[in-house]
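Treat the numbers as computed from the prediction; the structure is a model and nothing was measured.
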Amino acid sequence: MEKSKKTLPIVLATALVSTPLLAAPHSAYAIDDLSVDPEDDTAGEESAYYIDFVLDEDLKKGDIIYIRFDKDFDVDSAIDEDDIDASVDVKKVEVSGRTIEITVDEAVDAGEDISIDIDSGITNPDEEDSYIVSVKTSRESWEDYEVDIVDDSSSSSAKDDDFDVYISRTTEGETSKYELGPIKLKDKLTKGDWVTVYFPDEDMLPSKISTDDVDINEYEPDDVRISGNKVEIKVPSKAAGDKTLTLTFYEGAEIENPDADDDYVIEVKWDGTTYTSEEFEIKGSSSSSTSGSGDFSVTLSDSGVGARSSYTFEADFGSRKLASDSDVIVEFPSADMVPGYLNPSDFAINGKTPRKVAPSGNKIYLTTPYSFTSSSKVKVDISYDAWLTNPKTAGSYQLKMTVDGKTITSKPFTISGTSVTPAPTPTPNPAPAAGTPAQVNNSTSTITLTNTAVGKPTGVNIAIKGVTMPLYKQRDFIEIVFPAGYRVPAYIAPANVTVNGVAANFVAVRGQNVLVYPAQDIPAGGAANVVIGAGANIINPSVKNAYSISVFTSEEKGLLFARAVGVGMPAPAQNPATPQPQPQPQPAVTVPANAALFKLNTPSFTLHGKSYPLQAAPYLANGSTTMVPAQFFKEALALTTIWNNNTVTIVSGTNQIKLTVGAKTARVNGKEVTLPAPVALKNNMPMIPIRFVTDSLGYKVGWDAKTSSVYVYR
């Protein structure tokens, strides 16, 4: 059975059984999100026109897209296929009066974006005014869009240098963050209308940009579209009414600098007025900010291969300054140089102990203290006690430092000596049998509850007669799927679960599914007795009935077996059972030294033995999802975390999570993911499902029964 598909059939089947099928009422359809943009909006001038919209109904091969211009436009009757550039295959183009009819040569699904560029043949009205351009398809009704035409004397072009441009990297061809503005607008922003940004070259732009990677006045736009060298941004309701415009394209938007060493400008168009940026310089790779005078030296106490060493380096970031409660990011040549736990007392930034230090792969995030004096010169001292180790291969290496989006690369430093050969990976002992799956009969396998009372916590004993495929410790897992009605907590401590009498290496929870990673190998054909103790806090359904619990493994192609258990009634008859495993004594939990602990309904957390306040107390949502304040990720886990009353962004290395208050979906590295509970606002603090974040970023969550605390560590 494939790991990524185990839960779906069961959950889907449950949903289909319990959900009545409703017929959707028939309604008239019209296209969505129509945008019409002239290349030249001057009265009396011939102009190309760019048209974008979203289908609300499927478009079939042979259907027609109609584009109708207002009566004062002049539409050339000779417009044909050569004048149309569309995102769909075009069979033919005809003109009837002021209506262009485009017959498509392919089927397009509802919800798809359609873009059409009319390169020539359209002449604007002679008078300055607002005019209507309408679009429909064979299967959808007309949708209107208002286009503003201006005369030459009141032209749309504003003076040069209307706004500033900031880019995070200035080297040609690099992917950069772009900040545009602030721009003082002539008219207020309007919800649902489009701001258009013209970049110097269409090669700078990707084929698509997510709304997560763009901000308009610090809010996420409703939509983002790309056509040629332009990006259209749909104004959200929260930005409506503003007369100042600031646009931010984050590095996740994947906008690349031009490929030539030169000066450039960017244009922004809103409500018929075009605003032009200041010139910004793109440098060739040989003159980048990561070489020459911008470099910094690295001093080591020991330059031997694989040696434990202190590191000292200092760089000048020029106009950028490192402020208090801000991060300086240090990037090392490889992740194996950086230990998993770092103590702030082993670091110094300009002589000050950082407030937090967080490792992430080959990067270390150092957060300056509140008392830090803002400075463009940044010196970092990493002591010998931090346990950083040099690369294990002799050679020349470099470090990178990033402050406020600007990255500077060090001068090369030399690691010398005999390269360290990694020790061979030990073979599991005993090694699980590989190759042909074992022939096993699980007809006598059983599942029993330690408590069958309705609505009460229960332990679960699963006696697996044999697994057909071998399971390797710490890699493969046994999956127990509980039916709807059971309440499965968001986390289960490994100490509450044993496999063949040994505490599990790790336990993961995915909705109603519990994934148990054994701490020992299980060979093909080997038995596996899984005991989930009552301390795991799995709650029986509140309705008296028989319920089916299913068992899978990560290596099976399908269901291993399923058994019915009785809740509030005698247990259903199962096949003759092998002797049932008895719950094993649970070993004491050892909380890692670098773990952050918190308790439900208590507005504080504990780190390194000290207690720190939280603006809002963690709590349980939906009876199973633990919610914690965004503040916890910043102050307890030292993750780069930015929030307001509407959005939250959490960054760990190259991973980025974006959440929206009230939404049950989030974006992880640009991909939409469903949350176990929606983000909530409590005491003006966004509350986030902790397990979603920790699972996404590779953190572990445990339960300390001694203090009744949840602990999080990496």
Interatomic spacing from [atom1] in [X] to [atom2] in [Y] - rounded to 0.5 Å:
X    : Y    : atom1 : atom2 : answer
K671 : T665 : NZ    : OG1   : 16.0 Å
S301 : R308 : OG    : CZ    : 9.0 Å
L607 : L597 : CG    : CG    : 8.5 Å
I462 : S550 : CD1   : OG    : 11.5 Å
L600 : T602 : CG    : OG1   : 8.0 Å
I688 : W643 : CD1   : CH2   : 9.0 Å

[Y] side chain reached by [X] side chain, heavy atoms, under 4.5 Å:
X    : Y    : result
F552 : N513 : no
T606 : Y711 : no
V712 : V628 : no
T444 : F561 : no
R563 : I549 : no
T450 : N461 : yes
K465 : N442 : yes
T660 : V679 : no

So with a 6.0 Å cut-off around NZ of K456, is the heavy-atom count from everything else above 12?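 Atom NZ in K456 is not packed in, count stays at 12 or less.
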
For the NZ atom on K634, are there more than 12 heavy atoms of other groups (residues, nucleotides or ligands in this structure) within a distance under 6.0 Å? yes

Has [X] got a side-chain atom pairing as donor or acceptor with [Y]'s backbone, closer than 3.5 angstrom?
X    : Y    : answer
T641 : L639 : yes
Y365 : G653 : yes
S310 : Y384 : no
N529 : N500 : no
N540 : A453 : yes
N390 : G304 : yes
N669 : Q656 : yes
R714 : A358 : no
D327 : I329 : no
Q520 : V499 : yes

Salt bridge (charged side-chain N to carboxylate O under 4.0 Å, His left out) involving D325 - partner list, sequence neighbours excluded: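 D325: salt bridge (charged side-chain N to carboxylate O under 4.0 Å, His left out) contacts with R355.
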
List the residues meeting side chain to side chain contact (heavy atoms under 4.5 Å, CB included) with T353, not counting sequence neighbours, and say none if there are none.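 Only P344 meet the side chain to side chain contact (heavy atoms under 4.5 Å, CB included) criterion with T353.
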
Under the rule for side chain to side chain contact (heavy atoms under 4.5 Å, CB included), what residues qualify as partners of N645, not counting sequence neighbours?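 Side chain to side chain contact (heavy atoms under 4.5 Å, CB included) list for N645, sorted by chain: L681, N684.
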
Show your working on side-chain contact (heavy atoms from CB on, under 4.5 Å) between T452 and V565 and close with a plain yes or no. CA-CA 8 Å; T452 60; V565 295; over 6 Å; no

Heavy atoms only: give me the nearest [X]-[Y] pair and the separation to one decimal.
X    : Y    : value
L471 : S554 : CD2-OG, 4.4 Å
L620 : T626 : CD1-OG1, 3.6 Å
L675 : A663 : CD1-O, 3.7 Å
A536 : I492 : CB-CG2, 3.7 Å
T389 : G306 : CB-O, 4.1 Å
A677 : M627 : CB-SD, 4.1 Å

CA sep, side-chain torsions, deciding dist, call: V567, L449, side-chain contact (heavy atoms from CB on, under 4.5 Å): CA-CA 9 Å; V567 174; L449 306 179; 4.1 Å; yes

side-chain contact (heavy atoms from CB on, under 4.5 Å) between N362 and M337: does it pass, once the steps are laid out? CA-CA 7 Å; N362 68 326; M337 296 176 62; over 6 Å; no

Would K363 and K400 satisfy side-chain contact (heavy atoms from CB on, under 4.5 Å), going step by step from the backbone distance to the final call? CA-CA 9 Å; K363 296 179 181 179; K400 291 182 181 180; over 6 Å; no

Check the angle between the aromatic planes of F605 and Y612 and answer parallel, tilted or perpendicular using the 30° and 60° thresholds.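 Rings of F605 and Y612: parallel, as their planes differ by under 30°.
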
Assess, by modelled atom type and distance only, whether the side chains of N683 and Q615 contain a donor and an acceptor separated by less than 3.5 Å.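 Q615 and N683 do not have a side-chain donor-acceptor pair below 3.5 Å.
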
